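Report on one structure; see the data block that follows.
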Amino acid sequence: MSGERYDHREAEPRVRARWAAARIDATPDLNRGDARPKYYVLEMFPYPSGRIHVGHSRNYTMGDVIARFRRASGYDVLHPMGWDAFGLPAENAARERGGHPDTWTRENITQMKQQLQLLGIAIDWDREFATCDASYYRWQQDIFLHFLEHGLAYQGTSKVNWDPVDNTVLANEQVVDGRGWRSGALVETRELRQWFLRITAFADELQDGLRTLERWPERVRTMQANWIGRSRGARLTFALDPSTPAPAGIEGIEVYTTRPDTLFGASFVACSVDHPLIQALRPRADLDELKRRVDQLGTSQEAIERAEKLGVDTGLRVMHPFVAGRTLPVYAVNFVLMGYGTGAIFGCPAHDQRDLDFARRYDLEVLPVVLPPGADPASLVIGDEAHTGDGTLFNSDFLDGMDPASARQAAIARLETLGAGQGTIIYRLRDWGVSRQRYWGCPIPVVHCGTCGAVPVPRDQLPVLLPTDVSFDQPGNPLDQHPTWKHVACPKCGAPAVRETDTLDTFVDSAWYFARFTNPDFEGGPVDPVAAARWLPVDQYVGGIEHAILHLLYARFVTRAMHHCGLIDLPSGEPFEGLFTQGMVTHETFRAPDGTWLFPQEVEERGGTMWRRGTDQPVVVGPPVKMSKSLRNVVDLDHFVNAYGADVARIFVLSDSPPDRNVEWTPNGVDGAARFVQRVWSLVADHAGPSPLKGDAAPDGVGEGRALELRRFAHRTVRAATADIDGFRFNKAIANLYALVNEIRRDGPNDDALTWARGEALELLLRVLAPFAPHLADAAWERLGQPGLLAAMPWPEFDPSLATDDTVTLPVQVGGKKRAEITIERGAPEDAVIAAALQAGDVQPWLNGQTPRKVIVVPDRIVNIVM
RNA sequence: GCGGGCGUGGCGAAACGGUAGACGCAGCGGAUUCAAAAUCCGCCGUAGCAAUACAUGUCGGUUCGAGUCCGACCGCCCGCACCA
């Protein structure tokens, strides 16, 4: 043992310099003759929020492992990086600390880029851009104009959270318990003119396309399908009962339902407080009060749905379409939204939980019409739970005896005959409101003219640049308050007009950046058709599960819309062929007696409990949660890399936990990874004697004994670890490498054969380790005197004859419990396996001398003797 | 509230429906050391001297065989359209 230590402070920068000189991160030239199959790896680009911590590193490390693995496996790899740089936090920072959002953002980008480089992530930085670069958002404005021309962008109105004290629109995140986060004022709801993108035009395609995404997690596809929410149902109109007083001009209420089969169980009709009928009845004290309460909930769906179900009886009644003389009360309620369906529903309490809760509260009739299987129609009582499952229709006239699915058809047919309604398909998905009343975003390229209306900014006048001289000392949108910026001549008639002061939702920025990466300098349009055709779709996209719905759906939509406008040629419309959703890095939280959060380096353990470092203050330790600056449970990347090295961070965040699950950052786990690095190094430093690494021929004896065992183990490890990387089981790949290190270190005869086998195993180890711990692997390669860079070498191959054993050990079960093991030739015929199993000594006592009823043999896996 | 997911030793985990606990951490014992750190070797689900029994959030089901499939429940996590 030489005792030589691996010095990451010396090795990591040196190895990175060698990579840089060899340009291992460069994207291969499109036009070269010997192009290989392409592979586009992309991590969701980050919001430049400040310094990164070790928690951020996991996403990029995973992408880097994939990129390095694919590069070695013979692909032309594109692995770019950029910055999702517009958004609220920069504006908040400007308001709180002064300065300009642009300055704050650029400083963060500089820092984060350095830190990513420190981690050794092999990114082609030549393609870097930030969404706040005018050279990027200029093309986004161009895309917006195309959408406008194709009817995919339009103006409408929608509700926003309004802070009456700050006179500003609040994000849902900025509404805390119904109050503005800064002012504390009760939030109001306002209806504003806004820009929308017509995502609903692609609802069917977006839903159907999910079926083709075979390399997406099933749960993400399910969530998106539910979000789009295509449903078949019926629109029908309940005619107002002429004997009740109705507002002039309103003769009926149109509702949408997915359950026309339950129409005979209807006991009320419920309208949104914003429904035209309810508006026509106002002002009226009880309705006004309900409207006020609804408005105070804000616009978030969660708040609305969690609120207690409330309603006001309008006093109006409507007539049942199927039953002459039967009328239903009409309520205004707080749980029906104007934006979904027709803004009105009929309630069938027996078969819908929400309707049942409402009916119980207001003492409305509960009439079951679907009889659960096996239930008795005479004694069936609906308690606190609605029956939403299958059954047989009863109490339902012409539908009696049908199952719900047929009853739906029959009810729709009858409605259509009566002229009272028709079958239809609707979507839960709403058009995408992209207007934001904020400064730090992409300006919407439109001018509002008193005579010409909304006029697109001519293409030759793009980009509409954000003004830099803005002030954040007053609330509201700085663009709106800017003294000159918005005042321009109408592009059409030349009369004085004003610019649109709304900017685009930052989800628009991230909905097409992956396409721009294929040629970020292209001047002929948003996307270079040649480069996009070469590189798209992204072969492997990596990011957090929190983006399962919105970001991914918007990107799928924009890709289709761009294809529709001829901006991109991607008939599938699917930008991401493979998707992997990674888990977060978590850490315990620490809290001082006075309630302030403490950084991990501010606490220490003494006598089994945690104390504030150097004091006698006890520390409250909280459970591990996602690393975040606000809770201070973060480990700074620069400090960590200085102390342990980038590779220890890389190994740690990928070992221990499956990549799609969270991993808890612990000091002990870090030490384990650091120990592994040193073990690898000592194997390298101590390697001497005959070795394939020096070109020595295999000595006699490598085909037997320990040498053969080690060779088999090493080749098996390459096979398993390769499959693990390919299948995103990075934790298992690393566990296999740990096991290989243990195996190389195991005692054995001190002979040339084993020494040579160790050299072979060491080479295979380093080559498979290279994507995970690239600095260590290349430094070790150099230390072994090998020429060139591991980072540029092809992926190692294993010898199938060594990776497969010719005997297998089978467990023998009796009655499903393991009683013995037999070792037998791989692929032995079934009767030989049965004979060996029945003769096994440990099996005999369990047979009691009887003949088994049955013996189940799973070839090369298991034997089960059934008595 | 609605939609989606997860739950296995003291801890992170592994396990094509086929030997539950690979690999790592912690712990325990030993070697080395004047001593400690580091390093190395061994043990390590629970009960039991052992044979064995019991163990994958809880309860039930399918199967020769269930951590894995099905149903109900409990707990935690993600999303809910203006955080990114």
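Per chain, numbering begins at 1; letters A, B, ... match sequence-line order. Nothing here was measured: the structure is a model prediction, and the numbers come from that model. Basis for what follows: all heavy atoms, side chains included, without hydrogens, waters or symmetry-related copies.
- Residue A:Ile734 contributes atom CD1, which lies 13 Å from atom C1' of B:A13 at whole-angstrom precision.
- Not counting sequence neighbours, the partners of A:Glu91 by the salt bridge (charged side-chain N to carboxylate O under 4.0 Å, His left out) test are A:Arg95.
- Among the atoms of the strands shown, none is found under 4.0 Å from any heavy atom of A:Asn736.
- The interatomic distance linking A:Phe335 (CZ) with B:G1 (P) rounds to 15 Å, in whole Å.
- Within a 6.0 Å radius of CZ in A:Arg293, no more than 12 heavy atoms belonging to other residues, nucleotides or ligands are found.
- Considering only the side chain of A:Gln301, B:C80 comes nearest among B:C80, B:A84, B:G18.
- One P atom belongs to B:C59, the other to B:G42, and the distance between them is 39 Å to the nearest Å.
- One C1' atom belongs to B:G79, the other to B:G71, and the distance between them is 26 Å to the nearest Å.
- Taking only side-chain nitrogens and oxygens, A:Arg430 never comes nearer than 4.0 Å to OP1 or OP2 of B:A81.
- For the pair A:Ile228 CD1 and B:G4 C1', the computed distance is 14 Å after rounding to whole Å.
- Residue contacts shown for A:Gln174 are absent, as no nucleic acid heavy atom lies under 4.0 Å away.
- A donor-acceptor contact shorter than 3.5 Å is absent between the side chain of A:Glu305 and the backbone of A:Phe335.
- Taking the syn range as angles within 90° of 0, the glycosidic angle of B:G71 is outside it, so the base is anti.
- Here A:His551 lies out of heavy-atom contact (under 4.0 Å) with every strand.
- Picking from B:A84, B:G3, B:G7 the nucleotide with the shortest atom distance to the side chain of A:His547 gives B:A84.
- Within the nucleic acid shown, A:Pro46 has no heavy atom closer than 4.0 Å to any nucleic acid atom.
- Within 4.0 Å (heavy atoms only), A:Ser435 reaches at least one base atom of the nucleic acid.
- By the neighbour-count criterion of 12 heavy atoms within 6.0 Å, atom NZ of A:Lys159 is densely surrounded, having more than that number from other residues, nucleotides or ligands.
- Nearer to the 5' terminus of RNA chain B, by closest-nucleotide assignment, is the contact made by A:Glu305 (compared with the other of A:Glu305 and A:Met223).
- OP1 or OP2 of B:G24 has at least one side-chain nitrogen or oxygen of A:Asn742 nearer than 4.0 Å.
- No donor-acceptor pair closer than 3.5 Å links the side chain of A:Asn334 to the backbone N or O of A:Lys309.
- The side chain of A:Ile549 lies closest to B:G79, out of B:C54, B:C16, B:G79.
- Across the interface with RNA chain B, nearest-nucleotide mapping of A:Thr809 and A:Lys732 shows A:Lys732 to be the residue nearer the 5′ end.
- Of all the heavy atoms in A:Ser435 and A:Gln437, the pair that sits closest is CB-NE2, 4.1 Å.
- For the strand RNA chain B, secondary-structure stems (runs of at least three Watson-Crick or G-U pairs, all distances below 3.5 Å) span B:1-7 with B:74-80, B:10-12 with B:23-25, B:27-31 with B:39-43, B:45-47 with B:52-54, B:57-61 with B:69-73.
- Within the 4.0 angstrom heavy-atom criterion, no nucleotide atom of any strand lies near A:Arg746.
- Across the protein-nucleic acid pair, A:Asp656 atom CG and B:A26 atom P stand 11 Å apart, rounded to whole Å.
- A salt bridge links A:Arg716 with A:Asp805: the distance from a Lys NZ or Arg NE/NH1/NH2 to an Asp or Glu carboxylate oxygen falls below 4.0 Å.
- When the side-chain nitrogen and oxygen atoms of A:Thr666 are compared with OP1 and OP2 of B:C25, none of them lie within a distance under 4.0 Å.
- Summarising the geometry, the separation between CG on A:Asp724 and P on B:C16 is reported as 11 Å, rounded to the nearest angstrom.
- For A:Glu821, the side-chain atoms get nearest to B:U19 when compared with the rest of B:C83, B:A84, B:U19.
- The gap from the C1' atom of B:A15 to that of B:G67 amounts to 8 Å, rounded to the nearest Å.
- At a threshold of 4.0 angstrom between heavy atoms, the contacts of A:Leu88 are confined to the sugar-phosphate backbone, with no base atom among them.
- The base of B:C64 has none of its N or O atoms less than 3.5 Å from a complementary donor or acceptor on the side chain of A:Gln813.
- Here, B:A14 and B:G21 have their C1' atoms 7 Å apart, quoted to the whole Å.
- Within 4.0 Å (heavy atoms only), A:Arg853 reaches no atom of the nucleic acid at all.
- Heavy atoms of A:Arg219 sit under 4.0 angstrom from primed sugar atoms or phosphate atoms, though from no base atom.
- Annotation: side chain to side chain donor-acceptor pair (under 3.5 Å) contacts of A:Trp195 (sequence neighbours excluded): A:Glu500.
- Base contact: A:Phe507 has a heavy atom under 4.0 Å from a base atom.
- Applying the salt bridge (charged side-chain N to carboxylate O under 4.0 Å, His left out) test to A:Arg661 and every residue at least two apart in sequence or in another chain returns nothing.
- In the interface, the side chain of A:Asn864 is paired with the base of B:C64 through a donor and an acceptor atom under 3.5 Å apart.
- Using a 4.0 Å heavy-atom cutoff across all strands shown, A:Arg729 reaches no nucleic acid atom at all.
- Side chains of A:Asn59 and A:Glu43: no donor on one and acceptor on the other come within 3.5 Å.
- For A:Glu302 against B:C80, a side-chain-to-base donor-acceptor contact under 3.5 Å is present.
- The gap from the P atom of B:U46 to that of B:A55 amounts to 16 Å, rounded to the nearest Å.
- Note on A:Gln353: nothing from the nucleic acid sits closer than 4.0 angstrom, heavy atoms only.
- Residue A:Arg661 places at least one side-chain N or O under 4.0 Å from the OP1 or OP2 atom of B:G7.
- Candidate nucleotides B:C23, B:A81, B:U19 were compared by shortest atom distance to the side chain of A:Tyr554, and B:A81 ranks first.
- Among the protein residues, A:Val169 comes within range of the nucleic acid bases, having at least one heavy atom under 4.0 Å from a base atom.
- Residue A:Val220 is out of contact with every strand shown, counting any heavy-atom pair closer than 4.0 Å.
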Validation: residues 175-183 of chain A side-chain donor-acceptor distances under 3.5 Å, sequence neighbours left out:
{"residue": "A:Arg179", "atom": "NH1", "partner": "A:Gly184", "partner atom": "O", "Å": "3.0"}
{"residue": "A:Arg182", "atom": "NH1", "partner": "A:Glu96", "partner atom": "OE2", "Å": "3.1"}
{"residue": "A:Arg182", "atom": "NH2", "partner": "A:Asn92", "partner atom": "OD1", "Å": "3.2"}
{"residue": "A:Ser183", "atom": "OG", "partner": "A:Asp163", "partner atom": "OD1", "Å": "3.0"}
{"residue": "A:Ser183", "atom": "OG", "partner": "A:Asp163", "partner atom": "OD2", "Å": "2.6"}
{"residue": "A:Ser183", "atom": "OG", "partner": "A:Ala185", "partner atom": "N", "Å": "3.0"}

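- Annotation: side chain to side chain contact (heavy atoms under 4.5 Å, CB included) contacts of A:Thr581 (sequence neighbours excluded): A:Pro217, A:Arg219, A:Val220, A:Ile545, A:Leu579.
- In terms of polar N and O atoms assigned as donor or acceptor, the side chain of A:Arg438 comes within less than 3.5 Å of the base of B:C82 in a complementary pairing.
- OP1 or OP2 of B:C40 sits under 4.0 Å from a side-chain N or O of A:Arg745.
- The NZ-P distance, from A:Lys626 to B:A84, rounds to 13 Å in whole Å.
- As a whole-Å value, the separation of A:Asn731 CG from B:A15 P is 8 Å.
- Between the C1' atom of B:A66 and the CD1 atom of A:Ile862 lies a distance of 12 Å, rounded to the nearest Å.
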